[in-house]
Amino acid sequence: MNDNNNKVFYITTPIYYVNDIPHIGHAYTTVACDTAARYKRMKGYDVHFLTGTDEHGQKIQTAAQAKGESPQQFVDRIHMKFRELCKALNASNDDFIRTTEERHIKVVQSMFSKLIEQGDIYKGTYSGYYCVPDETYVPENAMGPNKTCPDCGRPLTIMEEECYFFKASKYVPQLIKFYEEHEKAVMPKIRYNEIMSFLRGGVKDIAVSRTSLKWGIPLPNDERHVVYVWFDALVNYASAIGYLDDPEKFAYWWPHVRHMVGKDIIRFHCVIWPLMLLALGLNLPVEVFAHGWWTVEGEKMSKSKGNVVDPFEMVKNYGLDPFRYFLLREVPFGNDGDFSELALVGRINSDLANDLGNLLNRTLQMIRSYRGGVVPSLNGEKSDLSELSGQILERVDEAMNNYAFDEALKAIWEFIGRSNKFIDETMPWKLAKDESQNKNLDFVLANLYEALRLSALLVATVMPETSKRIWEQLGIDEDPVKYNYDSFKWGEGSGNKIGKSEVLFPRIDIDEWKKARKAKEEEKKLQESAAVIEHEEEISIDDFKKTEMRVARITKCEEIPKSKKLYKLEVDLGYEKRTVCSGIKAFFTPDELVGKTVILVTNLKPVKLCGVESNGMILAASVKKDGVSEKLTLLEPEDKSIPLGSRVS
């Protein structure tokens with residue numbers, strides 16, 4: 001974050017993938033970036049804060065099909081949730097970019113063309129293991145157990161296709177040298193070591209186009225191909241600041257770019273992206289900071305477990321600033337963290353209501369009672385609090401410059417704690433009873449007022465609305481977030497008339513909270529049970545015996561041009577082969593289906609679907625929401641050696 005030559009600061013979130021709605025991970029990165037951006041503005045920097053959405057790729061095409069929408073309709077609808085998240089989190093972003101915007105598409109095509117022209121992109125054929133959910137090829141030496149994706153743990157698919165390659169290997173030595181000379185270019189240190197180890201292990205040329213996918217940016221020279229989604233997405237950081245249209249703007253911001261990302265996408269940002277930039281002749285990011293993941297009450301977040309944390313709900317239930325505070329205070333930034341609503345309630349009651357809220361209420365009440373609501377003068381006298389204030393400002397600055405948000409907040413709360421202790425030590429209520437102690441009482445009240453004025457200023461980057469509310473109660477008309485930290489002087493509040501007091505953070509009754517949560521969980525279970533249990537009318541055993549089910553294997557899978565949902569499958573029953581149409585296109589790629597052993601209902605009457613005669617039905621289990629299947633699993637025999645054609649009963 002340090003920039004000695006120029007006070008310019010360009011920070012980005014990763015652009016969020018819109019195959020689903022926002023969760024706590026998106027909120028975490030956005031709040032962290034927003035806090036860093038606000039801090040730099042309050043230090044006198046010219047700041048540009050960018051966020052946005054990544055809207056191309058296989059997962060989006062599949063998600064759109066499942067909803068019966070075109071990919072464009074789908075991203076137009078879902079991306080609005082991410083815009084709403086920015087508003088809900090009070091993010092101060094200066095721009096919001098979408099990868100389906102024309103300003104982005106033309107930059108991607110321009111960069112791709114430039115790399116082709118200079119020989120850094122060439123055509124070839126790629127065969128390898130591919131992670132469909134993450135939309136990335138995985139080298140064999142990086143695979144997880146049983147040929148799974150090292151990031152998401154899902155099975156990999158073998159894919160072979162014609163594609164264009166980027167000569168990544170050509171620029172690896174140059175990138176290693178850069179990182180050796182700029183150790184803070186990748187943060188924290190554990191991620192730097194990870195990236196250096198990966199680079200020194202060798203990087204192959206990277207496939208940067210696809211022919212099997214249609215939802216992407218077409219190559220300017222070969223429209224059978226679309227640009228690989230990660231090449232496309234990474235370019236947003238340059239396209240948003242005028243790479244083509246406004247060279248002066250680009251030249252102003254680009255030398256000062258910083259990226260904040262989750263640790264799962266660090267290789268894209270610290271390997272692929274800088275290699276692309278080196279090939280394009282552009283400077284590399286000053287810093288890339290990779291933060292950790294959130295679990296939820298000790299468990300991995302997943303839709304199937306129903307424990308995905310909804311940031312909109314958290315803001316609604318507990319307030320925006322307490323939620324922002326918790327995200328940055330609970331876990332050292334860069335480490336993994338565990339989200340617990342009980343821990344959030346604990347922070348609200350302890351840190352916010354008890355510490356900060358009580359300091360404000362006690363101080364204002366005493367100034368109102370003992371000095372008619374007017375802040376007395378300090379007359380230049382020093383106190384332990386005034387001496388400590390300078391140290392706290394320095395500690396906060398150092399922590400913020402290293403994205404150590406939790407350390408900055410710890411320092412601030414040490415100061416708040418010391419201010420509360422100052423009240424207990426000086427006992428102003430006793431001083432007020434003795435007229436000879438008027439000067440000492442003025443000294444105490446003035447110092448407490450200044451401590452609050454500074455505390456509100458220090459929390460403004462994390463809790464901007466709370467900071468403003470405190471200053472309003474202190475009788476200060478300014479907005480703290482527009483104040484420059486370096487201009488703060490202890491004692492400037494003398495003579496101010498305090499405003500109307502109000503409770504800053506109402507305490508939450510833990511017992512009542514636990515009762516309400518238990519009732520909510522029980523209601524949720526009932527709703528889930530009601531949604532799952534959908535019985536058909538009863539049948540006899542003789543009716544059931546009429547259904548003939550046999551073990552079969554899928555040997556071929558083709559798309560049906562007229563259908564968005566159906567695949568044309570060829571299945572082998574051992575004694576014969578059949579053609580079956582199955583509406584599972586939204587959930588599987590052809591490569592995932594070929595070779596699967598399945599259960600086939602074989603005695604259904606043939607039916608024509610989209611012009612293809614279907615002779616049977618594959619059995620599957622589905623999870624539905626609002627009548628729409630969100631997840632689908634094919635029924636497979638556990639023992640794969642069972643002969644094809646075996647009767648299932």
Side-chain angles (χ1 to χ4, degrees), residues 15 17-19 53-66 70-72 74-75 98-101 104-116 120-140 142 149 151-152 154-168 203-236 239 265 267-268 271-273 275-276 279 557-559 561 564 567 585-594:
I15 48 172
Y17 204 49
V18 295
N19 64 316
T53 44
D54 180 3
E55 302 183 5
H56 291 124
Q58 183 66 53
K59 284 189 286 187
I60 288 169
Q61 184 171 297
T62 301
Q65 287 173 345
S70 71
Q72 189 64 58
F74 180 82
V75 297
R98 302 175 61 191
T99 56
T100 51
E101 292 178 33
H104 175 73
I105 292 170
K106 64 184 181 182
V107 172
V108 172
Q109 292 178 327
S110 172
M111 286 185 172
F112 208 100
S113 296
K114 181 178 180 181
L115 293 175
I116 287 177
D120 283 322
I121 286 182
Y122 59 93
K123 187 186 282 190
T125 302
Y126 191 91
S127 177
Y129 288 90
Y130 188 78
C131 178
V132 175
D134 288 341
E135 303 194 26
T136 183
Y137 283 100
V138 178
E140 290 194 37
C149 175
D151 293 325
C152 70
R154 295 180 177 91
L156 298 172
T157 302
I158 295 179
M159 289 187 65
E160 180 173 309
E161 61 180 322
E162 177 188 273
C163 62
Y164 285 83
F165 288 85
F166 167 54
K167 289 184 180 178
V203 177
K204 295 182 179 179
D205 290 353
I206 300 167
V208 289
S209 77
R210 297 276 304 278
T211 55
S212 57
L213 174 69
K214 300 304 178 188
W215 182 241
I217 298 175
L219 266 61
N221 62 313
D222 191 344
E223 293 200 353
R224 291 186 310 107
H225 291 252
V226 298
V227 177
Y228 172 52
V229 67
W230 270 104
F231 184 106
D232 162 10
L234 291 163
V235 171
N236 90 90
S239 59
I265 54 175
R267 287 185 186 174
F268 295 103
V271 177
I272 296 178
W273 180 225
L275 291 173
M276 288 166 57
C557 175
E558 298 176 358
E559 294 195 12
K564 293 181 179 179
Y567 275 138
K585 194 173 181 180
F587 302 95
F588 302 96
T589 64
D591 286 337
E592 289 175 316
L593 292 171
V594 173

Note to self: For a side-chain contact (heavy atoms from CB on, under 4.5 Å) check, start with the C-alpha distance between Arg210 and Tyr130, then their side-chain angles and the critical distance, and finish with the verdict.
What the structure shows: CA-CA 12 Å; Arg210 297 276 304 278; Tyr130 188 78; 2.6 Å; yes
Next item on the list: Drop me the distance from Ile15's CD1 to Asp54's CG, to the nearest 0.5 angstrom.
Entry: 4.0 Å
Check: Parallel, tilted or perpendicular: which describes the rings of Tyr122 and Phe165, with under 30° parallel and over 60° perpendicular?
Finding: parallel
Next item on the list: Decide side-chain contact (heavy atoms from CB on, under 4.5 Å) for Tyr164 and Asn221; before the verdict, give the C-alpha distance in whole Å, the side-chain angles of both, and the deciding distance to 0.1 Å.
Entry: CA-CA 11 Å; Tyr164 285 83; Asn221 62 313; 3.4 Å; yes
Checklist line | Centroid-centroid under 6.0 Å between Phe231 and Phe112 rings | finding: yes
Item checked: Closest heavy-atom pair and its distance - Asp205, Ala168 -> OD1-N, 3.4 Å
Note to self: Treating Ser110 as the side-chain partner and Lys106 as the backbone partner, does any N or O pair qualify as donor plus acceptor under 3.5 Å?
What the structure shows: no
Check: Does a donor on one side chain sit under 3.5 Å from an acceptor on the other, for Thr211 and Glu162?
Finding: no
Margin query: Return the CD1 to CG distance between Ile121 and Leu219, rounded to the nearest 0.5 Å.
Written below: 7.5 Å
Note to self: Ignoring hydrogens, what is the shortest heavy-atom contact between Ala64 and Phe74? Give both atom names and the distance.
What the structure shows: CB-CB, 3.7 Å
Note to self: Tell me which one of Lys123, His225, Glu161, Arg224 satisfies side chain to side chain donor-acceptor pair (under 3.5 Å) with Ser209.
What the structure shows: His225
Note to self: Quick check for you: to the nearest 0.5 Å, what is the distance between Leu156 atom CG and Arg154 atom CZ?
What the structure shows: 11.0 Å
Next item on the list: Check whether any side-chain heavy atom of Trp215 lies under 4.5 Å from a side-chain heavy atom of Thr62, and answer yes or no.
Entry: no
Check: In Å and rounded to the nearest 0.5 Å, what is the CE to OG distance from Met111 to Ser239?
Finding: 7.5 Å
Note to self: On a heavy-atom basis, which atom in Thr99 and which in Ala233 lie closest, and how many Å separate them?
What the structure shows: CG2-CA, 4.4 Å
Notebook entry, point to check: Under the side-chain contact (heavy atoms from CB on, under 4.5 Å) criterion, do Gln58 and Val229 qualify, and how do the steps go?
Noted result: CA-CA 9 Å; Gln58 183 66 53; Val229 67; over 6 Å; no
Notebook entry, point to check: Going by heavy atoms in the side chains, are Ile60 and Val18 under 4.5 Å from each other?
Noted result: yes
Margin query: Applying side-chain contact (heavy atoms from CB on, under 4.5 Å) to Val226 and Lys214, what does each step give before you reach the verdict?
Written below: CA-CA 7 Å; Val226 298; Lys214 300 304 178 188; 5.8 Å; no
Next item on the list: Starting at OH of Tyr228, measure out to NE2 of His56 and round the result to the nearest 0.5 Å.
Entry: 15.0 Å
Check: What are the two closest heavy atoms between Glu223 and Pro218, and how far apart are they?
Finding: CG-CB, 4.4 Å
Next item on the list: Looking only at non-hydrogen atoms, find the nearest pair between Tyr17 and Gly57 and report the distance.
Entry: OH-CA, 3.5 Å
Check: From Asp232 CG over to Glu55 CD, what is the distance, rounded to the nearest 0.5 angstrom?
Finding: 10.0 Å
Check: Which pair of non-hydrogen atoms, one from Cys131 and one from Val138, has the smallest distance, and what is that distance?
Finding: CB-CG2, 4.4 Å
Margin query: For a quick check under 3.5 Å, do Ser70 and Gln72 share a side-chain donor-acceptor pair by atom type?
Written below: no
Check: Is the backbone of Phe588 close enough, under 3.5 Å, to the side chain of Tyr567 for a donor and an acceptor to pair up by distance?
Finding: yes
Notebook entry, point to check: Are His104 and Arg98 side-chain neighbours, meaning at least one heavy-atom pair lies under 4.5 Å?
Noted result: no
Item checked: Whether Phe268 and Trp230 hold their rings parallel, tilted or perpendicular, with breakpoints at 30° and 60° -> parallel
